[in-house]
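Only one structure is covered here, and it is reproduced in the block below.
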2 protein chains.
Amino acid sequence: MFVATDKNGTPSIDSVSLAIIEQLQEDGRRPYAAIGKAVGLSEAAVRQRVQKLLDQGVMQIVAVTDPLTVGFRRQAMVGINVEGDLDPVADALTAMDEVEYVVMTAGSFDLLIEIVCEDDDHLLQMINKRIRTLPGVRSTESFVYLKLRKQTYTWGTR
Amino acid sequence: MFVATDKNGTPSIDSVSLAIIEQLQEDGRRPYAAIGKAVGLSEAAVRQRVQKLLDQGVMQIVAVTDPLTVGFRRQAMVGINVEGDLDPVADALTAMDEVEYVVMTAGSFDLLIEIVCEDDDHLLQMINKRIRTLPGVRSTESFVYLKLRKQTYTWGTR
DNA sequence: ACCCATAACTGCGGAATCCGTTAGATCGGA
DNA sequence: TCCGATCTAACGGATTCCGCAGTTATGGGT
């Protein structure tokens, strides 16, 4: 299927789809008809656009929680320095279930990743046996989470 | 209203609510009846539990996106070192709209925050004028996002 | 400017879901 | 024992979902 993209190959989102996303950032279960009324589209049109945004991977509608609040698991941010091409390392990390978040950055780390583990042993295993042994990984630095204070998803709604 | 809590004051979640959350992590719009069938509860009971989880703030159902993919804004992770009590600094950061994520960590940063800005100017303003000037902030280090590679919310589903 | 193909939108009707509400059963704590 | 919380089962009406047919808009290509 054809997907409109800009010059960087990223899907292009118009202001209407943006408005739909904002509605769903406030409430992921908001009815299509209510969204349509808010953005000036028919219910069916909203439904089609939401489906396409989901199919394209631009947006996902999910329940989010704070794992620590829910009462289990050990979480950490890990800064990683790599020699050579970043992509293979990022690919390998992305494939790991325990890794929730992978971002390439400009700064004193090449990659920042967030990992969620069962306990301290699991965390140690991940960092020591699976991440630090990846070819190209030069060094890592870990930041174990003590308390999550804020977590929002409402950018664009301000 | 009374809310059951464990000895740390965090809401207690039993395995059934956990299973409901997992269902909604896969699809935030999944019908209550389908969830009930999956977790062994009636539709009405699922509805009540979901409502309570939302009311308690244990879970939220939202659309999530990658702001960079959507085509705008400048994002960064900022590591912060503080002298003295962390709480007032964390509180001040939490109150800022541009700050999406605030976590207290053990490691070479006391706080890690994620910020979303309009552009480079806005980012510079935030870091230089609003964050580094907070009383107690000793130093900051910024990691500007180049590319988000992975972002999942399905912990507990493995 | 014209035509065509495709995408996008509207309107509609039937099926499914949502949601408030009953009544009764069960369990644990004060 | 009594009270509150939670669950099931079963409604019924309002709402929502969803596929489809038909129409309009859009963007090349000539």
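Just so we're on the same page: letters track the sequence lines, and every chain starts at 1. All values derive from a computational prediction rather than experimental measurement. Hydrogens, waters and symmetry mates are skipped; everything else that's a heavy atom, side chains included, is used.
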What N/O pairs connect the protein and nucleotides 15-18 of chain C at under 3.5 Å? Give each pair on its own line.
residue : atom : partner : partner atom : Å
C/dC18  : OP1  : A/Arg29 : NH2          : 3.2
C/dC18  : OP2  : B/Tyr32 : N            : 3.1

**Request:** Using the test salt bridge (charged side-chain N to carboxylate O under 4.0 Å, His left out), find all partners of A/Glu114 that sit at least two apart in sequence or belong to another chain.
**Result:** none
**Message:** Rounding to an integer number of Å, can you tell me how far A/Leu41 CG sits from D/dT24 P?
**Reply:** 17 Å
**Item:** Set of side chain to side chain contact (heavy atoms under 4.5 Å, CB included) partners for B/Ala34, sequence neighbours left out
**Value:** B/Arg30, B/Pro31
**Asked** Expressed in angstrom and rounded to an integer, what is the separation of B/Gln48 atom CD from C/dT21 atom P?
**Response** 12 Å
**Request:** When you get a sec, tell me which of D/dA10, C/dG11, D/dC7 is the closest nucleotide to the side chain of A/Ala44?
**Result:** C/dG11
**Prompt:** Rounded to whole angstroms, how far apart are CZ on A/Arg49 and P on C/dA8?
**Reply:** 8 Å
**Item:** Partners passing side chain to side chain contact (heavy atoms under 4.5 Å, CB included) against B/Asp121 (at least two apart in sequence or in another chain)
**Value:** B/Asp119
**Asked** Is there a donor-acceptor contact under 3.5 Å from the side chain of B/Asn81 to the main chain of B/Ser108?
**Response** yes
**Request:** Round to a whole Å and report the spacing from CD of A/Gln51 to P of D/dC20.
**Result:** 14 Å
**Request:** List for me each residue that meets salt bridge (charged side-chain N to carboxylate O under 4.0 Å, His left out) alongside B/Arg29, sequence neighbours excluded, and say none if there are none.
**Result:** none
**Item:** side chain to side chain contact (heavy atoms under 4.5 Å, CB included) partners for B/Thr94, two or more places apart
**Value:** A/Arg149, A/Lys150, B/Val102
**Prompt:** Atom CD1 of A/Ile35 and atom C1' of D/dC17: how far apart are they, to the nearest Å?
**Reply:** 12 Å
**Asked** Between C/dA8 and A/Lys52, is there an OP1 or OP2 to side-chain N/O distance shorter than 4.0 Å?
**Response** yes
**Asked** How far does the helix from C/dA1-D/dT30 to C/dA30-D/dT1 bend, going by the axes of its first and last five pairs, to the nearest 10°?
**Response** 50°
**Prompt:** Among pairs that include at least one residue of residues 132-141 of chain A, which meet salt bridge (charged side-chain N to carboxylate O under 4.0 Å, His left out), considering only residues two or more places apart or in two chains?
**Reply:** A/Glu83-A/Arg138
Identify all side-chain donor-acceptor contacts of residues 35-49 of chain A below 3.5 Å with residues at least two apart in sequence or on another chain.
residue : atom : partner : partner atom : Å
A/Ser42 : OG   : A/Ala45 : N            : 3.2
A/Glu43 : OE1  : A/Arg47 : NH2          : 3.4
A/Glu43 : OE2  : A/Arg47 : NE           : 3.2
A/Arg49 : NE   : A/Ser17 : OG           : 3.2
A/Arg49 : NH2  : A/Asp14 : OD1          : 2.7
A/Arg49 : NH2  : A/Asp14 : OD2          : 2.5
A/Arg49 : NH2  : A/Ser17 : OG           : 3.1

